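Because the structure is predicted, anything quoted here is derived from the model rather than measured. Basis for what follows: all heavy atoms, side chains included, without hydrogens, waters or symmetry-related copies.
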Amino acid sequence: MHLFVLGNLGALIINIFMKPLMPMTRVSALILLVIASTAQGTEIYELEPFYVQSWAHPTPGSALDGATWESRGSADLAELLESAEPGLALVRRGAVSNDARMRGLGGDDLSVTLDGRKIYCACANRMDAPLSHATVEAAERIEIGAGPFSLRRAGSLAGHINIISKGIEPGHHGSLRARYGSFDETNLSGSTAYGGEQFAFRLFGAWQESAPYRDGSGSRFTEWATSAYLPTADLSYAYRNWHAGGQVSYRIRKDLTLSANYSRRMDREALFPGLKMDADKTATDQFGLTLKNTESTELTETWSADFFYNTTHHVMSDRLRLSSLNAATLGRDWFMKTDAEASNFGATFDAEIDKGPFGNWFVGGELERRAWNSDNQVGTINNAMLPDASIDTHGAYLEGSLDLGLKLSLDLGLRFDYFRTRAYGDTTYLKQIRGSDADRSFTEPAAFLSLRSYLNDYYVAFAGIGSMARAPSPQELYLQLDKPMTNPSWLGNHALRAPRSTELTTGLEYNREALSLRMRFFYSEIEDYIYPVRLSTPIAFQSYENLNARLYGIEFKSEWQCNESWSLSFGLAWQEGEKKNRPASATNDVLAEIPPMRLQAGLQFQNEKTTFNLDARGSLSQSRIDPDLNETKMGSWLILDTRVEHALSKQWTLNLALDNIFNTHYALHNSQVRNPFSASTIVYEPGRAARIGLNYHF
């Protein structure tokens, strides 16, 4: 019966995969047969799969926890992920609100959710990157899934990062935290919660601020010539922000709980030296209402229905830059300014179904609208930069897990999405240059198959193939930015096709007592990848076009528990990207924004009261660049960080950290080339920085 079910579902999945999948399917089938032929009749161990299946059924070792975030003292979640996972690359734009890339892809290709709710940017430059909306006080764990294997939410081409909020434990408890560090970094936060049999609540809040950091050469980033800040501007703060929120839960009956949550974040005076403007204000509100059933019914084991609404108001300008001097005759203190509002709202449904011999199955869907309106002024030109554009998503999925016997297990999934995009505002300039602002609709299937073979007590081999597409974003379709003089304009492309990633992943895991190893290889064909280009007809302007590309790479992680107190870890990630066909204006086959090989190693000591970490991170030089997008070659680098966490008592904990111990002057791979207001500036990383923190838990 299992083989009958497998055969029919497998055939259905393969049939919906699109053109780039077909040659890879034959390769994957051969690998699956080889794995099956080597299976041994030994005990099965539950090990980490090669991707995080979903937030509904997490697996051991598949997530970072909120305590790790807290102990590292990272003001920015993107920094934490970059230091914890070699396959995740940090996109540095400033001291806070940075971005991330996974396996060479980022932006809308990387899905970010808070408790399964999609989060997007209001800023076309991604000054309010989705990861910046997560808060350490509320986070229990961060799940990371690489590749197009997460079907629960739409558009996870590069992968999926889901930040899961803490549950409310019984009784009254809370925490207070204070941290101070180099560059006058100050962080004050607290939370309190109460959990009763029927009623529970949590409240949390935080304040953060910092001066501009110094790089390894000793220069403030506001002093770099390329950042072009006014010498007379008040540059006391790199960022100042606060956030506050809460959650209330009410148990309607034993198996049914209604929860509501609300949070607000306000950022002011955030500086971004890699861009031509800074954020004057970013205000974000998030609201959610969840109904969750935790007991079995005739149809489901568990289910949840979620309703959410997120809105962001973002204002940025060049009032602190030399370019603002061009506005002297205009009677204002800025030459460029953008006022953007974005929102997304909708509903999701997720359910688990236990079918006994037919495995565990998960079904669900989502309805969502993403709306985006952005007005821009450059000199005397008024731009409807994002003309009240929207994208509607209607999606449904089915995922399952089957025990095939012979020490084989199979995960598989199907998903269908319908996207519709539209611009409701004034698109005169877009139509004048590009010829149309037509509404678009896309119907896109997605699917994956993954097989795991437990070869013996210690080895597990796995192979999987997945395919997923997303709709072009409102920015890629409807952006219209008329720049003065000879500066090239930025325009969307209404004719873009939906990009699709089809990826083959294979690997091997070893787990025996104190030693664990995991190696993955991935190969991805990206059809209709959306890529920035420069065009010259009918005027000189920058836009987006589809091209076909390939990405491939290796990821490796290992951990060795030397004894009860000491452990060692090592990891590396390498990927490479190529254009399979060039846009007309391209001069090379290199895919931009692909980081070079990253390596990291760690030494940890831990006993009942004290944890000590010594971490090394480094990168080879970046020589494969796309000069068409102003990328420049970057040198290699190696840095050393250390952290100490000591429990002073049951309630009090002391944290000490020293980053970039040798004050290395370095920069990550060039990552600012896609933004309309990019300064094509190399943003160097912070130099030596110390932090001290004191936490109180009750």
Side-chain angles (χ1 to χ4, degrees), residues 13-14 16-25 27-28 50-54 87-89 100-113 118 144-162 393 395 397 399 411-417 419 442-450 463-473 476 496-507 520-532 544-555 573 575-581 591-595 674:
I13 291 173
I14 291 174
I16 71 166
F17 284 167
M18 301 188 72
K19 182 172 61 176
L21 179 61
M22 301 314 294
M24 296 175 63
T25 304
V27 177
S28 179
F50 67 94
Y51 67 96
V52 178
Q53 293 178 344
S54 77
L88 278 164
R101 299 179 67 82
M102 183 184 294
R103 292 185 172 178
L105 298 177
D108 282 352
D109 293 323
L110 177 60
S111 180
V112 176
T113 57
K118 273 294 192 76
I144 306 166
F149 296 96
S150 179
L151 303 186
R152 301 300 177 91
R153 298 297 179 259
S156 303
L157 274 65
H160 184 190
I161 299 174
N162 184 44
T393 300
Y397 71 86
E399 287 185 358
D411 290 318
L412 68 167
L414 293 167
R415 181 181 176 93
F416 288 93
D417 285 303
F419 305 102
F442 307 86
T443 301
E444 300 293 340
F448 75 85
L449 278 169
S450 65
I465 191 163
S467 183
M468 177 173 274
R470 70 167 175 91
S473 73
E476 292 162 340
L496 289 172
R497 298 178 296 277
R500 171 174 292 276
S501 175
T502 301
E503 181 177 305
L504 169 67
T505 298
T506 65
R520 310 171 184 170
F521 166 80
F522 73 91
Y523 178 89
S524 178
E525 292 275 351
I526 308 177
E527 185 180 30
D528 294 324
Y529 183 47
I530 297 177
Y531 203 74
Y544 304 95
E545 286 190 1
N546 293 114
L547 59 83
N548 294 332
R550 64 168 62 95
L551 281 162
Y552 46 90
I554 296 173
E555 298 167 357
Q575 55 262 309
E576 199 161 287
E578 301 173 354
K579 305 184 187 90
K580 294 180 65 177
N581 63 300
L591 208 61
E593 300 181 310
I594 308 298
R674 286 178 179 261

Quick check: do [X] and [Y] have side-chain heavy atoms less than 4.5 Å from each other?
X: Met468; Y: Ser501; value: no
X: Ile530; Y: Arg470; value: yes
X: Ile526; Y: Asp109; value: no

Determine, stepwise, if the pair Thr393 / Asp417 fulfils side chain to side chain contact (heavy atoms under 4.5 Å, CB included).
CA-CA 7 Å; Thr393 300; Asp417 285 303; 4.2 Å; yes
Counterpart residues, side chain to side chain donor-acceptor pair (under 3.5 Å), relative to Glu555 (two or more places apart)
Arg103, Arg520
Apply side chain to side chain donor-acceptor pair (under 3.5 Å) to Asn546 and list each qualifying residue two or more places apart in sequence or on a separate chain.
none
Nearest atoms (heavy-atom pairs only) where [X] meets [Y]:
X: Ile144; Y: Met102; answer: CG2-CE, 3.6 Å
X: Gly466; Y: Phe149; answer: N-CE2, 3.5 Å
X: Leu151; Y: Glu399; answer: N-OE2, 3.3 Å
X: Ala447; Y: Leu414; answer: CB-CD2, 4.0 Å
X: Tyr529; Y: Ala549; answer: CD2-CB, 4.4 Å
X: Leu591; Y: Glu578; answer: CB-N, 3.9 Å

Under the salt bridge (Lys or Arg N to Asp or Glu O under 4.0 Å) rule, collect the residues that match up with Lys118, sequence neighbours excluded.
none
Any side-chain donor paired with an acceptor under 3.5 Å for Glu576 and Tyr552?
yes
Output for pair (Asn548 CG, Glu525 CD), nearest 0.5 Å, gives 8.0 Å
Charged N to carboxylate O below 4.0 Å: is that the case for Asp528 and Arg500?
no
